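Since the structure comes first, as C-alpha cells, the remarks are kept for the end.
Everything quoted here is computed from the prediction, not taken from an experiment. Keep in mind that the numbers below use all heavy atoms, side chains included, and drop hydrogens, waters and symmetry copies. Here is how names work: the chains are called A, B, and so on, in the same order as the sequence lines, proteins then strands, and each is numbered from 1.
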There are 2 protein chains.
Amino acid sequence: MNQWQGENNFAIFKSSVPISNQQVWQAFYQLHKEKIQVQKEKVAIEKLKTIIKATFKLSNQKGFSLMSLRDLSQETGMSMGSLYAYIGSKTQLAEMVHQFLPHMFDLCIGEQLDHKESPQQQLNKLIRGHIFITECLQPWFFFAFMETKHLSRSIKQLAKDNEAKSEILLGNIIEQGEKEGVFSQSDKFLTSMMIKSLLQNWYVKRNKYKQSKTDCESYIRFIEQVIGNYLEKS
Amino acid sequence: MNQWQGENNFAIFKSSVPISNQQVWQAFYQLHKEKIQVQKEKVAIEKLKTIIKATFKLSNQKGFSLMSLRDLSQETGMSMGSLYAYIGSKTQLAEMVHQFLPHMFDLCIGEQLDHKESPQQQLNKLIRGHIFITECLQPWFFFAFMETKHLSRSIKQLAKDNEAKSEILLGNIIEQGEKEGVFSQSDKFLTSMMIKSLLQNWYVKRNKYKQSKTDCESYIRFIEQVIGNYLEKS
DNA sequence: AATTAAAACGAACGCTCGTTCGTTATTGAC
DNA sequence: GTCAATAACGAACGAGCGTTCGTTTTAATT
C-alpha cells in the first residue's frame, strides 16, 4: 500500500511531466495561438501571464461576471484595446482557461494509467496524479470550478464530459478490485462520488489546508487511508 | 451504531421541527418583515415565494450576478416596481436568503445536541440533522454555496463564522471520542474537513444523487459507514 | 357608491458594461 | 536614420443594468 511513498512523490511527478512555470505558459500559448492577435511569442506569453493571473485575482474577489474589463485593464496596466488583442472577448477569456485544463490533464496523467496493475495501485496512481496536478494548477482549477456558469453550451458540455470520464474511470477501477476480490463490496457510485469530492476539496478549500499546514503528500496519505479502510478487505 | 435507524429517520425529523412548506415561508417572512413594504402577510408570503423560487431558477441557469431584475420581473410576472417593494435591492435579495439559513439551522438542530451522549451518537445526530435539513432546503443551501461572492463584508463574515462553528463542533466531538477511547487517533482537522465536504456534496451535487436514485437515508448510512470504518476502533 | 389606503405598474434616469476602431508609439530590419 | 510592420492606446458607442417615482389599478371600509 505504501510502496509509492518516496518512489512516486511530488518532486518526481513535477520532474517527469511538463508542468514547470515556463512549460505551463508555453502550453497555454500554444493551445490558443491562433486566437491571439499578437504575433511575437515572447511578448504574447508574458502578457497572457499577466492577464490570466489578474483574472484569477479579481475573480476570487468578486467573481468573474462582476469583474469588468476596466477592472482587468487597471489590474494588468494594459489598455482596453490591448486586452482585446489577447483575449478576443470576455467570454473567450473564460473559455480559454476552461479548455486548458483537460489539455494539461491529458498531457500529465492521461496516458500513465495501466490496466495490468493492481486495482490498489491504479487507484492510488489516479488519486496521486489528480492531487499533484491540481496542486500545480490550483488557481486554474479553482477558477474553473467556481465559474462554470458563464460558459457557452459547448464548453459546458466539455466540462461535464470530462467529469463523467473521471467518474467512470474511478468506477471501473473499483469494480475491477471487487472482481479480483481485493476490495469489499461497496456502492461504486457513492464511493467514486466521495473520492471525487475529496479530490476537489484540495483545490476548492486550498486556503484552509494551507492554514493548517497540510501539504499535498499528507493529504494523499489521508485519502488513501480513508478509502483503504473502507474498501480493502481486512 | 444503528440504533437510530427507524427511530430517528427523515419522516420523524420532518414532523418534529418546523420545516413544512408553509412553516418555512412563514419563517422567512417573519425574519425579513420589517424590510418588506407590502403589509398584508398573506400577499407578501405568496409573492416572496414566487420571487425566491424564480431567483433560484435563474441563478442556476446563469448565476445570480448575470440574472437581471428584468429577467426576474419576467419570470415572476411582476413589474420592476413591485419587485422592489419586496426585495429592497438586488443585493438585499441575496442577503435575505443567506441570513435565513443559519436562522433555520438554529431552529431545527441548534439545540438538539447533548454533550452527555456518546461521541458516536452525537456525531451521527449532527450528520443526520445536517443531511435532513439540507434535504428540505436544498435549493436554498445550493444558492448560498454558489453565490457567496456577491455579499457585503458583514454577511460574508457571518457565513464564515457559521462554517467555523460547525467545524469546531465536529472537531470537539471527535476529540471527545478519542479521549474516551471509542475513536482511534486521527487528524481531527482533516477528518472534520472530510465530513463537511461529504455533507456539502449532498446539496451541491443533488442532481447526480437524484439520478442514481440515492435517497438521503442511504446517503447517511454511507457516510456513517465510511466515518465509522475510519474512526472507530475495531 | 364613494372614499381611501395599499399594491402594482412601467417609463425614465444615470451609469457602467463589453466592444470597436482610428490614432499613436514601439520595434526591428535595412 | 528610415520605414514598414506590429503593438498599444483610449475615447466613443450602443445596449442593458439597477433603481426610482409619478401614476394607475385594486381592495377594503363606510
Spacing of OG1 belonging to Thr55(B) relative to CD belonging to Glu147(B), to within rounding of 0.5 Å
10.5 Å
Salt-bridge contact Glu75(A)-Lys53(A) (side-chain N to carboxylate O under 4.0 Å):
no
Does OP1 or OP2 of dA8(C) have a side-chain N or O of Lys47(B) closer than 4.0 Å?
yes
In whole Å, what is the span from the NZ atom of Lys42(B) to the P atom of dA28(D)?
10 Å
Using whole Å, what does the distance between atom P of nucleotide dC9(C) and atom CD of Gln37(B) come to?
14 Å
Calculate the interatomic distance between Met67(B) atom CE and dG18(D) atom P; express it in whole Å.
8 Å
Are any of the side-chain nitrogens in Glu135(B) or Arg206(B) under 4.0 Å away from the carboxylate oxygens of its partner?
yes
Ile51(B) CD1 to dA7(C) C1': how many Å, rounded?
13 Å
Atom CD1 of Ile36(B) to atom P of dA6(C): distance rounded to whole Å?
16 Å
DNA chain C contacts made by residues 69-96 of chain B, counting heavy atoms under 4.0 Å:
Arg70(B), Met78(B), Ser79(B), Met80(B), Gly81(B), Ser82(B), Tyr86(B)
Do His32(A) and Gln92(A) make a side-chain contact, defined as non-hydrogen atoms from C-beta onward lying under 4.5 Å apart?
no
Value in whole Å for how far the P atom of dA7(D) lies from CD of Glu46(A)
15 Å
Cation-pi, Phe64(A) ring and Lys90(A) (6.0 angstrom, 45 degrees):
yes
So is Lys205(B) actually on top of Tyr209(B)'s ring, under 6.0 Å and inside 45° of the axis?
no
